[in-house]
Structures are given as C-alpha cells and as structure tokens.
Engineer: 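Here it is, the structure, as structure tokens.
Lettering follows sequence order; numbering is per chain, from 1.
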There are 2 protein chains.
Amino acid sequence: MFIYYRIVRYKDEHKKESIIKATIKLVNDIGFVSSSVSKIAKEASVSPATIYIYYKNKDDLLVSTYIEIKKKIGMALLKDFDDTLPLKDTLLRSWKNGFFYIAENPGLFQFTEQFSYSPYGELVDKKDVEKYFEPIIKVLQTGIEQKIIKNVNFDILTTFIFFPVMILSNTRLCSNFEINEDNIETAFSLAWDAIKL
Amino acid sequence: MFIYYRIVRYKDEHKKESIIKATIKLVNDIGFVSSSVSKIAKEASVSPATIYIYYKNKDDLLVSTYIEIKKKIGMALLKDFDDTLPLKDTLLRSWKNGFFYIAENPGLFQFTEQFSYSPYGELVDKKDVEKYFEPIIKVLQTGIEQKIIKNVNFDILTTFIFFPVMILSNTRLCSNFEINEDNIETAFSLAWDAIKL
DNA sequence: ACAATAAGTGAATGTTCATTTATTATAGAA
DNA sequence: TTCTATAATAAATGAACATTCACTTATTGT
C-alpha cells in the first residue's frame, strides 16, 4: 500500500504578474525584435530560468501576455453592458468604454497592436480572443435582423463600427484626435451614419 | 603636377532590387524578429557584406524598403487621378486603385502593416511618406470647404475614408471580404455615408 | 595594357540569444 | 523537526546575431 503526498511550494502569482508586466513594458519600449528573455527577466527582477517555470518558452510568454490583455480589453468594453438599450446607445457605451480604457492603459493597447500585426498573431487561436467580444457581436447581428443597420458583409460592418476606436486611439496614427466625450461622440456619429439603414 | 582619375564600377541596381525583394519576402514569411541580415543576403544570393555597400546598416535597409513600398502604393492610389471629377468619384477611384493594387501585391502591403505598427515605424520621417498622398488629402480639404463633407477633425475623416481600405484589404483581419468591384462599392457607400454632409 | 578605384565577398569578430543543467532555498505535511 | 517536492536561480551551452576585415574581381579612362 502506498501513500502519496502532495507537498507543494506554490507558484508566486505576484511573480507571474511581474513577468507579464515586464514583458509589456519592454515590448512597448524597444519592440519585439530587441526584447530578449534575459532583458525581460532583468526588468522583472527574476532569473531568466524562472520564466521557464511559468511559461513553456518565449512564444508561450508572448502569446499568453497577448491573450491576457485581450481579455482585459474585452471586459472593459463590455462594462455596464445592457442590450435592452437601443442598439445605438449600446454601441456608443462600448465606444466610450473602449476609448477611456485604452487612454488609461496605452501600454496594453500598444502591445496588442504590435503583436497582432506581427507573425506572432498567427500563433493565437482566434476563438480564444473572440469569446471576450461575443455579446457585442451578437448585438450587431440583432441589429441587422431588426433592419436597424445595413445588411452587409460582417467584415464591412466591423470595419466601420469597431476599428475606428482602435485607429483613433492609436496616438501614432491619430496624433490630433483628443480623447474626450465630445470628440468620441462626433466620431461615433460618423460610424453610426455609416452602418445605419 | 597631378592627374586624378575618376574611374568607377557602377553599382548594380538589379542587385539592390533583389536585396529589397528578399527583405520583403523574408519579413513577410518569418517576421522582423527572425529576419537576419545573413538570411536576407542568402535569399538575395549575395554576401552579407554586400548589403552594407548599399545600406548603412540593417535599420537603414528596413526603413528604405518601407519608404520604397509606400511610394509605390501612393502612386498606385493616384493612378488616373483627376480632381475635376465630383469628389465622391475621385475618392471611389482611389479606393478601387488601392484595393486592386494591394490585392495584386499582398506582400508589399503586409510589410508596411507590420513595419508601421512596430518600433521601426518611429524611424521614418512622416513627411517622406505623406508627400506621396498629398493630392488626395487636398481633395478632402476642398470637400470640407465646399460643404460636401463633414467639417470634423481630420483624423476622424481619414479614419473613415482611408483606413477602411487598409482594414478590408488585410486578409488577417477580414477573411470574409472578397475584393471585387461590387464589394468595394458596397464598402465605399458606408464610408461615403459616414463623411458626407 | 595598365593604373586606379569601387563593387563584391567569405570568413572572422565579439556579443547576445533562447534554453538547459546543476544546485540551492523554501514551504508545508507528517 | 524532518522530509520531500517544487520554486528559484546562477552559470553554462551552442547557435545565431550584426557588423567588420582583408581580400579579390570587375570596369574603364588613359
């Protein structure tokens, strides 16, 4: 007869968080090309080998960081989500949530932009990300059925109602767009004109 | 008395072109992170040292490649440019030019996307790029003055009338948007609804 | 034919890379 | 307190990196 013990020295979640934080900071400051595991380790004040306790390899670290951020952004977007409101108001609320979250966390956003336009983007299972945005996508589909918005290819719709948030939030692309209630509403009115029937 | 000779072996422009071509191919295939000078040299069938005859360093090679591509895209966009047409027609023509050029040269477009969202983007003097797009920007300004399109922040305007071309052309972002006359015109009608007064 | 000079190169440079190995530190059940 | 599994690490590894070096090849006016 055998008795199995489970004696564990628990992983330090604070350490994991500081590795992710260091990854984001470094990638934003010097880019993927220059962000080595040792530099990330130094920034997080851990040994390079420690990173390999929490992540399989460098790719795993970067992909996990990306998904973690996408989850946060998705949740921010859906704050106070209420699809009993008129469609237009539901969308505008998400716009505002998105703009203000990105404005308060520019590093998170910048990381995802750089990541998703690089070949790292292909390492991500899209479904792992899309699930965080599902409710708002469903709202659009309902809008088409109720003949409130144009019945066009879904890619076209998202181009005009989601991407403007990302483009206008990108200070590199839009240096003259100041993020405040008025400007968001002005921009939103163009988006709404584009998609409304 | 001295006699100075000026005897030159001229640089082989074909070689320079093959280095740029190799750079684009490699960056698209494996990304900036993995594209080393030696790999680019091998792809171009030259010695790594040869690259340093044509370019100061690796950054110079990448930035030059980017500007070269932007010039080509800008010129494609402005093919048959005619600002005596109604504003709407001028813009639609550019949309079609843009879509079809990108569709025929997906590698060029993909390189610029990856480049401009990476820290390499900061190495480029924006004016070196903007000049290739100037005529079409002026058309928009005229449209505002003539009260044909909305008088809003210029960043908002470009978000709805230029970026959709880039988003919809990006197969990674829009896998369900097929590029043909009909679909381009449908997408353009949303853009026009957004910006028209 | 030859002098002059730039184009072009393969190999070597020292550095940095991602990852592994060998070892120590520590938490917690018995 | 003792024991054990895992966290954590410093140091080591071989491969790959950007760039330079010493050299050869090609071109062209004289």
Side-chain angles (χ1 to χ4, degrees), chain A residues 1-27 29-66 115 118-120 123, chain B residues 1-27 29-66 115 118-120 123:
Chain A
M1 201 233 202
F2 300 95
I3 298 172
Y4 294 96
Y5 298 91
R6 169 137 182 84
I7 302 165
V8 185
R9 181 180 171 192
Y10 293 103
K11 288 186 189 175
D12 185 349
E13 277 301 317
H14 171 74
K15 194 157 284 188
K16 188 166 185 173
E17 207 168 294
S18 87
I19 292 171
I20 289 218
K21 215 173 148 186
T23 305
I24 296 168
K25 177 172 169 38
L26 222 61
V27 168
D29 286 355
I30 63 176
F32 281 113
V33 174
S34 312
S35 293
S36 66
V37 174
S38 8
K39 283 180 192 162
I40 292 170
K42 187 171 280 179
E43 174 74 34
S45 305
V46 298
S47 158
T50 303
I51 290 177
Y52 288 84
I53 294 167
Y54 293 88
Y55 300 97
K56 219 169 58 255
N57 51 37
K58 192 187 178 184
D59 281 5
D60 183 32
L61 166 63
L62 296 174
V63 171
S64 302
T65 302
Y66 173 77
F115 184 97
S118 82
Y120 285 119
L123 300 177
Chain B
M1 201 232 204
F2 301 96
I3 299 174
Y4 295 96
Y5 298 92
R6 167 138 183 85
I7 301 162
V8 185
R9 179 181 170 190
Y10 293 102
K11 290 187 190 177
D12 184 350
E13 277 301 318
H14 170 74
K15 193 156 284 185
K16 188 167 186 173
E17 205 168 296
S18 89
I19 292 171
I20 289 218
K21 214 172 149 185
T23 305
I24 296 168
K25 177 173 168 39
L26 222 60
V27 168
D29 286 355
I30 63 176
F32 281 112
V33 174
S34 311
S35 293
S36 67
V37 174
S38 8
K39 283 181 191 161
I40 292 170
K42 186 171 281 180
E43 174 74 33
S45 306
V46 297
S47 159
T50 303
I51 290 176
Y52 289 85
I53 293 168
Y54 292 89
Y55 300 97
K56 217 168 60 253
N57 51 36
K58 192 186 177 184
D59 280 5
D60 183 33
L61 165 62
L62 296 174
V63 171
S64 303
T65 303
Y66 174 76
F115 184 97
S118 83
Y120 285 119
L123 301 177

Engineer: Give me the atom names and distance for the closest heavy-atom approach of B/Ile30 to B/Ser35.
Structural biologist: CG1-OG, 3.6 Å
Engineer: Which listed nucleotide (D/dT19, D/dC17, C/dG8) is nearest to the side chain of B/Ile53?
Structural biologist: C/dG8
Engineer: For B/Ile51 and D/dT20, what is the distance between atoms CD1 and P respectively, to the nearest whole Å?
Structural biologist: 13 Å
Engineer: Mind checking whether B/Phe32 and B/Leu62 have side chains closer than 4.5 Å, heavy atoms only?
Structural biologist: yes
Engineer: Ignoring backbone atoms, establish whether B/Ser36 has a side-chain N or O less than 4.0 Å from OP1 or OP2 of D/dC17.
Structural biologist: yes
Engineer: Tell me the interatomic distance from B/Ile19, atom CD1, to C/dA7, atom P, rounded to whole angstroms.
Structural biologist: 12 Å
Engineer: Report the distance from atom OH of A/Tyr54 to atom P of D/dT6, rounded to the nearest whole Å.
Structural biologist: 14 Å
Engineer: So which atom in B/Thr23 and which in B/Ile19 form the shortest heavy-atom distance, rounded to 0.1 Å?
Structural biologist: OG1-O, 2.7 Å
Engineer: Assign the ring pair A/Phe115 / A/Tyr120 to parallel, tilted or perpendicular, where the plane angle (0 to 90°) is split at 30° and 60°.
Structural biologist: parallel
Engineer: Does D/dC21 have its OP1 or OP2 closer than 4.0 Å to a side-chain nitrogen or oxygen of B/Tyr52?
Structural biologist: no
Engineer: Is there side-chain contact between B/Tyr55 and B/Thr65, with at least one heavy-atom pair below 4.5 Å?
Structural biologist: no
Engineer: Nearest whole angstrom, please: distance from the P of C/dT9 to the NZ of B/Lys42.
Structural biologist: 14 Å
Engineer: Tabulate atom names and distances for all N/O pairs under 3.5 angstrom spanning the protein and nucleotides 10-14 of chain C.
Structural biologist:
from, atom 1, to, atom 2, distance (Å)
C/dG10, N7, B/Ser47, OG, 3.1

Engineer: What is the distance, rounded to the nearest whole Å, between atom NZ of B/Lys16 and atom C1' of C/dG8?
Structural biologist: 16 Å
Engineer: Are OP1 or OP2 of C/dA7 and a side-chain N or O of B/Lys15 less than 4.0 angstrom apart?
Structural biologist: no
Engineer: Are more than 12 heavy atoms from other residues, nucleotides or ligands located less than 6.0 Å from atom NZ of A/Lys58?
Structural biologist: yes
Engineer: Counting distance only, does the side-chain N/O of A/Lys39 pair as donor-acceptor with the main-chain N or O of A/Ser34 below 3.5 Å?
Structural biologist: yes
Engineer: Any side-chain heavy atom of B/Val37 sitting closer than 4.5 Å to one from B/Leu61?
Structural biologist: no
Engineer: At a heavy-atom distance below 4.0 Å, what parts of residues 55-66 of chain B sit against DNA chain D?
Structural biologist: B/Asn57, B/Lys58
Engineer: Tell me the interatomic distance from A/His14, atom NE2, to C/dA27, atom C1', rounded to whole angstroms.
Structural biologist: 18 Å
Engineer: With sequence neighbours left out, write down each residue that passes salt bridge (charged side-chain N to carboxylate O under 4.0 Å, His left out) with A/Asp29, or none if nothing qualifies.
Structural biologist: A/Lys25
